[in-house]
Amino acid sequence: MLGAGLGWAALSQLEFLTAGAAVAGAAVGSLNGLISGGTGMYEWRGVRGWLCFLADSTWALLGTASGLALHLANTFDPDPSYVVGMSRRSNRHVYEAGCSMRPGFALALGNVVSGAGGTAGLRGESRRAVRRRKLVDVHEGAHLFQNRLLGPIYPLVYLAWMSIGALVGLVVSLVGERRHVWKVVETLAYYDNPFEYWAYRKDDYWPPAGAHPRYAWGARRLRRSRR
């Protein structure tokens with residue numbers, strides 16, 4: 001009920017929105033509270049948990065709605081593998097499998113991380129499994145923080161950057177990098193996205209192996225400094 005009330009209050013204060021938007025906000029807040037309460041996702045004993053709940057139910061409602069859509073999409077997966085040990089009291093929902101943008105890549109929407117295990121999985125003490133758990137904690141954790149800190153600004157700027165970056169990358173590749181069209185487009189649209197750059201640098205994994213070395217932010221300088 002608290003999530004519904006916060007969602008209603010957050011959107012009803014915006015005069016340019018209709019009453020239907022406030023109802024939608026209440027619905028998103030309510031569903032998030034129901035799912036997160038049922039799974040024990042929020043860390044209620046700490047201030048951080050309350051701040052995450054407050055952000056998810058107000059300023060970051062757009063991201064929370066996308067996270068709910070990801071929950072729904074994962075119900076159609078034969079085995080999305082919800083990871084209780086990495087979700088309970090952690091202020092996030094983690095699926096080892098489930099939906100992702102491409103094989104091996106995790107997807108963070110709202111307070112949900114899907115496809116977190118990639119091709120290695122999250123269980124066990126192998127080097128790859130340990131690395132995937134770090135990715136969830138650090139890289140995907142950065143995206144969860146970005147969503148809660150910046151609210152609707154985060155997804156809108158992220159998508160705008162991807163769209164413009166893809167167009168610029170296509171032009172650049174057609175002019176001088178025809179053998180690496182996809183890699184150039186992916187680098188400028190995805191890897192150079194400021195939010196991804198933030199997450200990859202925080203995870204100490206920059207430049208990523210998949211990025212074009214000529215167009216990844218500061219890649220050449222970083223390589224020289226590591227020699």
Side-chain angles (χ1 to χ4, degrees), residues 2-14 16-17 21-22 24-33 35-37 39 41-71 86-95 100-101 105-116 133-165 189-206 208 217-218:
L2 180 57
L6 288 170
W8 173 279
L11 296 188
S12 63
Q13 300 301 312
L14 302 178
F16 61 89
L17 295 177
V28 170
S30 178
L31 284 172
N32 177 64
I35 295 171
S36 300
T39 57
M41 184 267 278
Y42 288 111
E43 184 188 4
W44 297 120
R45 292 186 179 182
V47 174
R48 183 176 180 180
W50 285 97
L51 290 176
C52 288
F53 171 72
L54 182 63
D56 291 347
S57 304
T58 55
W59 173 237
L61 269 172
L62 182 58
T64 304
S66 65
L68 291 174
L70 193 50
H71 277 304
M86 295 186 70
S87 303
R88 186 169 178 80
R89 306 305 177 207
S90 66
N91 304 314
R92 68 190 180 194
H93 298 283
V94 178
Y95 289 91
S100 63
M101 296 304 294
F105 280 61
L107 173 63
L109 295 177
N111 53 30
V112 182
V113 180
S114 184
R133 292 198 294 270
K134 181 189 175 187
L135 179 140
V136 173
D137 289 338
V138 182
H139 183 114
E140 304 308 327
H143 289 318
L144 301 184
F145 176 74
Q146 290 161 0
N147 177 69
R148 285 163 170 157
L149 176 68
L150 300 174
I153 299 171
Y154 168 61
L156 294 176
V157 172
Y158 191 107
L159 291 174
W161 183 283
M162 283 201 73
S163 301
I164 297 171
Y190 170 70
Y191 288 115
D192 283 347
N193 188 308
F195 299 117
E196 291 297 341
Y197 178 74
W198 174 348
Y200 276 105
R201 287 300 301 268
K202 185 175 176 63
D203 194 24
D204 194 26
Y205 185 50
W206 188 267
W217 294 118

Student: Can you find a side-chain donor-acceptor pair between Asn91 and Asp56 that sits under 3.5 Å?
Tutor: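 Per modelled atom types, Asn91 and Asp56 side chains form no pair under 3.5 Å.
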
Student: With no hydrogens and no angle check, is any side-chain donor or acceptor of Trp50 less than 3.5 Å from a backbone partner on Trp44?
Tutor: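 Looks like yes, one N/O pair under 3.5 Å.
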
Student: In terms of side-chain geometry, is the basic nitrogen of Asp137 or Arg92 positioned less than 4.0 Å from the acidic oxygen of its partner?
Tutor: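 Yes, charged N to carboxylate O under 4.0 Å.
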
Student: Check whether any side-chain heavy atom of Leu159 lies under 4.5 Å from a side-chain heavy atom of Tyr154, and answer yes or no.
Tutor: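 When only atoms from C-beta onward are counted, Tyr154 and Leu159 do not touch, as no gap falls below 4.5 Å.
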
Student: Please report the closest heavy-atom contact between Leu54 and Thr58, naming both atoms and the distance.
Tutor: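 Where Leu54 meets Thr58 most closely, the heavy atoms are O-OG1, 2.5 Å.
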
Student: Side-chain contact, heavy-atom cut-off 4.5 Å: Tyr191 with Trp206?
Tutor: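 Yes, close enough: below the 4.5 Å cut-off.
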
Student: In terms of side-chain heavy atoms, does Tyr158 have a donor or acceptor partner in Glu196 at a distance below 3.5 Å?
Tutor: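 Note: Tyr158 and Glu196 side chains meet the donor-acceptor criterion.
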
Student: May I have the step-by-step check of side-chain contact (heavy atoms from CB on, under 4.5 Å) for Tyr95 and Val113, ending in yes or no?
Tutor: CA-CA 6 Å; Tyr95 289 91; Val113 180; over 6 Å; no

Student: Identify the two heavy atoms, one from Ala106 and one from Leu135, that lie closest to each other, and give their separation to 0.1 Å.
Tutor: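 Nearest heavy atoms, Ala106 then Leu135: CB-CD2, 4.0 Å.
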
Student: Nearest 0.5 angstrom please: Asn147 CG to Leu61 CG, how far?
Tutor: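 Spacing of CG (Asn147) from CG (Leu61) equals 10.0 Å.
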
Student: Does Lys134, at its NZ atom, have more than 12 non-hydrogen atoms belonging to other residues, nucleotides or ligands within less than 6.0 Å?
Tutor: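 Yes.
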
Student: Can you sort out the partners of Phe145 under ring pair (Phe, Tyr, Trp, His ring centres under 6.0 Å), two or more places apart, ordered by chain and number?
Tutor: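 So Phe145 forms no ring pair (Phe, Tyr, Trp, His ring centres under 6.0 Å) with any residue.
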
Student: Does any donor atom in the side chain of Glu140 or His143 lie under 3.5 Å from an acceptor atom in the other side chain?
Tutor: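 No, His143 and Glu140 have no side-chain donor paired with an acceptor closer than 3.5 Å.
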
Student: Could you tell me if Ser36 and His93 have a donor-acceptor pair between their side chains, going purely by distance under 3.5 Å?
Tutor: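 Distance-only check passes for His93 and Ser36.
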
Student: Is it true that a side-chain atom of Thr64 and a backbone atom of Gly110 form a donor plus acceptor pair closer than 3.5 Å?
Tutor: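 No, Thr64 side chain to Gly110 backbone: no donor-acceptor pair under 3.5 Å.
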
Student: Could you tell me if the ring centre of Tyr205 sits under 6.0 Å from that of His139?
Tutor: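 Tyr205 vs His139: aromatic centres not under 6.0 Å.
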
Student: Side chains of Tyr200 and Asn193: any donor to acceptor distance under 3.5 Å?
Tutor: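 Per modelled atom types, Asn193 and Tyr200 side chains form no pair under 3.5 Å.
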
Student: Could you tell me whether the side chain of Thr39 reaches within less than 4.5 Å of the side chain of Arg88, counting heavy atoms only?
Tutor: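 Side chain of Arg88 against side chain of Thr39, heavy atoms only: no contact under 4.5 Å found.
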
Student: State whether the side chain of Ser66 and the backbone N or O of Gly63 hold a donor-acceptor pair below 3.5 Å, judged by distance alone.
Tutor: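 A pair under 3.5 Å: yes.
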
Student: Between CD1 of Ile35 and CG of Leu31, what distance do you get to the nearest 0.5 Å?
Tutor: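 That separation rounds to 6.0 Å.
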
Student: Could you measure the distance from the CG atom of Leu156 to the CG atom of Leu62? Nearest 0.5 Å is fine.
Tutor: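 Between Leu156 CG and Leu62 CG, I get 6.5 Å after rounding to 0.5 Å.
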
Student: Is the shortest side-chain heavy-atom distance between Tyr197 and Asp192 below 4.5 Å?
Tutor: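 No, too far: nothing below the 4.5 Å cut-off.
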
Student: Taking the side chain as every heavy atom from C-beta outward, state whether Leu70 and Leu107 have any atom pair closer than 4.5 Å.
Tutor: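 Counting from C-beta outward, Leu70 and Leu107 do come under 4.5 Å.
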
Student: Rounded to the nearest 0.5 Å, what separation is found between the CZ atom of Arg48 and the OG atom of Ser90?
Tutor: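 Result: 9.0 Å between the selected atoms.
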
Student: With side-chain contact (heavy atoms from CB on, under 4.5 Å) as the criterion, how do Asn111 and Arg148 come out once you've worked through the C-alpha distance, each side chain's angles and the decisive distance to 0.1 Å?
Tutor: CA-CA 9 Å; Asn111 53 30; Arg148 285 163 170 157; 3.4 Å; yes

Student: Between Trp59 and Leu149, is there a donor-acceptor pair closer than 3.5 Å when you use the side chain of the first and the backbone of the second?
Tutor: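 Indeed, once roles are kept as given, a pair shorter than 3.5 Å links the two residues.
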
Student: Does a side-chain heavy-atom distance below 4.5 Å link Phe53 with Leu6?
Tutor: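 In short, these two side chains touch, coming nearer than 4.5 Å.
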
Student: Calculate, to the nearest 0.5 Å, the distance between atoms OH and CE belonging to Tyr190 and Met162 respectively.
Tutor: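 Nearest 0.5 Å value for the OH-CE distance: 8.5 Å.
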
Student: If you measure from CG on Leu109 to OG on Ser114, what distance do you get to the nearest 0.5 Å?
Tutor: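 If I round to the nearest 0.5 Å, the distance is 8.5 Å.
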
